[in-house]
Amino acid sequence: MILPKSNRLTAEQLAEITQIVTEFGCKIQPIIGAVRTIYAIVGDERDELMINRLEGLAYVDRIDRIQSQFKLMDKRSDLASHRIVIGGVTLGEELFVIAGQCTIDPKNPNYFYETAEAVKEAGAQALRGGVWKPRTNPYTFQGDGKSLDILMEAHRRTGLPVDAEVMDEQHVRLALDAGVHMLQVGARNALNYSLLRAIGRAVAERDTVVLLKRGLHMGSLSEFISAAEYIASFGNPNIILCPRGTAPALDGYRNHPDESITPLLKEKTWAPVVVDPSHSVGKAAYVPACALAAVAYGADGLCIEAHVEPAKGIGDDPKQALAPAVLADTVAQARQLWALRHSIKTA
Ligand code: PEP
Ligand code: MN
């Protein structure tokens, strides 16, 4: 990784370093951070002669040679100072809450508009709404592209940035063309490397944020962070890790709650962690406790399913969406706990 002295290399400087690394069979991938752009050397970057020539350039501050399977997402990377900003929130500076329906019902858009207003009122800074849905049963409602218009209309009405899951390249293109601010990679696609690459390529030149769920099958920390590295390696490091419970389920819960993974992730990566308690426990009555536990474990945010009238929802909403009043209480308590947690010295 090449760290320049300035915030960004000029075109001539970039051409010069590209020429050097090309001689050694490598390529340069600029990674645009909020503070400065860094230049990842793609390929075998251990050749001493190449490093010496790069270090000899007057405009190069230093070459970062951390040995890590995920050199961009690693906590020791220069990107550790990168800050993700969405909905006016800088992740890590205050609790970030995404809330909204599991699934937008294209036949009843008003429920979504009312949900959007309610989650804003409850203190959420971003709105979620499932347009295309990964469903276990092929005969159940699979989502509907028309819901994308409803999602964007809710954004216009509330001003909240919006998040939707994408499952293939066509969804990625449609979502980005429509102006979706946050692309969600679901638990079933968390290890779909072609999709991760396609998303990385598509968001490379944008400020889009990617919410990457943890794979369903209790994947290791490295597997989870490496999936984020796939996306970041194309140039956009705005990636949030989202634990959401793993299989096999804890008897009575939808999955095995895994909010306790957060301190472990934070030891290895600088990426913010936003926990999804809704899919973790899978029942509205258990969601507030799981949300608070997540904050106690150090989560930077929460992704909560909510519906203005859960019983009238579709997808997961009847069983796990919080009603507006419960969401508002949960968010208020989570914010208090976040403040308390950040006043505790952990060193
Ligand atoms: C969802 O967010 O509605 C969803 C399907 O999530 P997951 O991929 O975590 O199951
Ligand atoms: Mn859901």
Side-chain angles (χ1 to χ4, degrees), residues 96-106 111-112 115 119 124 126-138 140-144 147-148 150-151 162-168 171-172 175 180-192 195-196 199 209-219 223-224 227-228 231 239-250 253-259 261 273-284 286-287 290-291 294 299 301-307 310-323 327:
F96 174 61
V97 179
I98 313 170
Q101 292 177 11
C102 170
T103 308
I104 298 172
D105 181 352
Y111 281 135
F112 192 68
T115 296
V119 306
L127 175 66
R128 61 157 287 153
V131 174
W132 305 281
K133 295 305 299 180
R135 304 304 302 276
T136 310
N137 183 334
T140 53
F141 179 64
Q142 305 283 309
D144 187 330
S147 299
L148 191 53
I150 301 170
L151 182 69
V162 289
D163 158 65
E165 176 168 354
V166 286
M167 292 184 290
D168 61 36
H171 298 161
V172 174
V180 169
H181 309 87
M182 185 183 278
L183 301 185
Q184 180 176 317
V185 182
R188 292 158 190 80
N189 272 310
L191 302 179
N192 178 344
L195 179 65
L196 298 177
I199 290 175
V209 174
V210 178
L211 183 76
L212 176 65
K213 299 274 191 110
R214 184 178 181 208
L216 202 59
H217 293 285
M218 217 183 271
E223 183 183 89
F224 193 9
I231 302 168
I239 304 162
I240 297 174
L241 300 177
C242 182
R244 44 78 73 206
T246 57
L250 185 63
Y253 286 153
R254 176 172 176 169
N255 282 292
H256 193 111
D258 63 347
E259 64 282 343
I261 196 178
V273 179
V274 167
V275 170
D276 170 348
S278 302
H279 293 86
S280 182
V281 292
K283 199 167 171 195
Y286 308 136
V287 169
C290 183
L302 297 167
C303 176
I304 303 178
E305 287 187 344
H307 193 292
K312 303 268 176 62
I314 59 174
D316 293 331
D317 287 325
K319 61 178 185 215
Q320 69 191 34
L322 297 189
L327 177 70

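For clarity, every value in this text was computed on a predicted model and none was experimentally measured. Note that ligands are numbered from 1 as they come in the structure, with each ligand's atoms numbered from 1 the same way.
For atom 5 (C) of ligand 1, the closest heavy atom belonging to the protein is E165 OE1, 3.7 Å. Here the heavy atom of the protein found nearest to atom 8 (O) of ligand 1 is A187 N, 2.7 Å. With respect to atom 4 (C) of ligand 1, the closest heavy atom belonging to the protein is H279 NE2, 3.3 Å. When only non-hydrogen protein atoms are considered, atom 9 (O) of ligand 1 lies nearest to R244 NE, 2.6 Å. For atom 6 (O) of ligand 1, the nearest non-hydrogen atom of the protein is K213 NZ, 2.9 Å.
Just one of H279, K133, Q101 meets the side-chain hydrogen bond (donor to acceptor under 3.5 Å, both in side chains) condition when paired with D316; it is H279.
Of all atoms in ligand 1, listed by their number and element, those nearer than 4.0 Å to a heavy atom of G186 are 8 (O). Those atoms of ligand 1 with a heavy atom of C102 less than 4.0 angstrom away are 3 (O).
In terms of polar-atom proximity, defined here as any N/O pair under 3.5 Å, D276 makes no such contact with ligand 1.
Once rounded to the nearest 0.5 Å, the distance linking CE of M182 with CD1 of I98 reads 4.0 Å. Rounding to the nearest 0.5 Å gives a distance of 7.5 Å between CG of L212 and CD1 of I239.
K312 is linked by a salt bridge (charged side-chain N to carboxylate O under 4.0 Å, His left out) to E309, counting only residues two or more places apart in sequence or in another chain.
Shortest distance from the Mn ion (ligand 2) to D316 is reached at OD2 (N/O/S atoms only).
Using cut-offs of 30° and 60° for the angle between ring planes, the H307 and Y111 rings count as tilted.
Looking at heavy atoms from C-beta onward, I104 lies out of side-chain contact with L148 at the 4.5 angstrom threshold. In this structure the side chain of V166 reaches within 4.5 angstrom of the side chain of W132, judged on heavy atoms.
The angle that H279 NE2 and E305 OE2 make at the Mn ion (ligand 2), rounded to 10°, works out to 90°.
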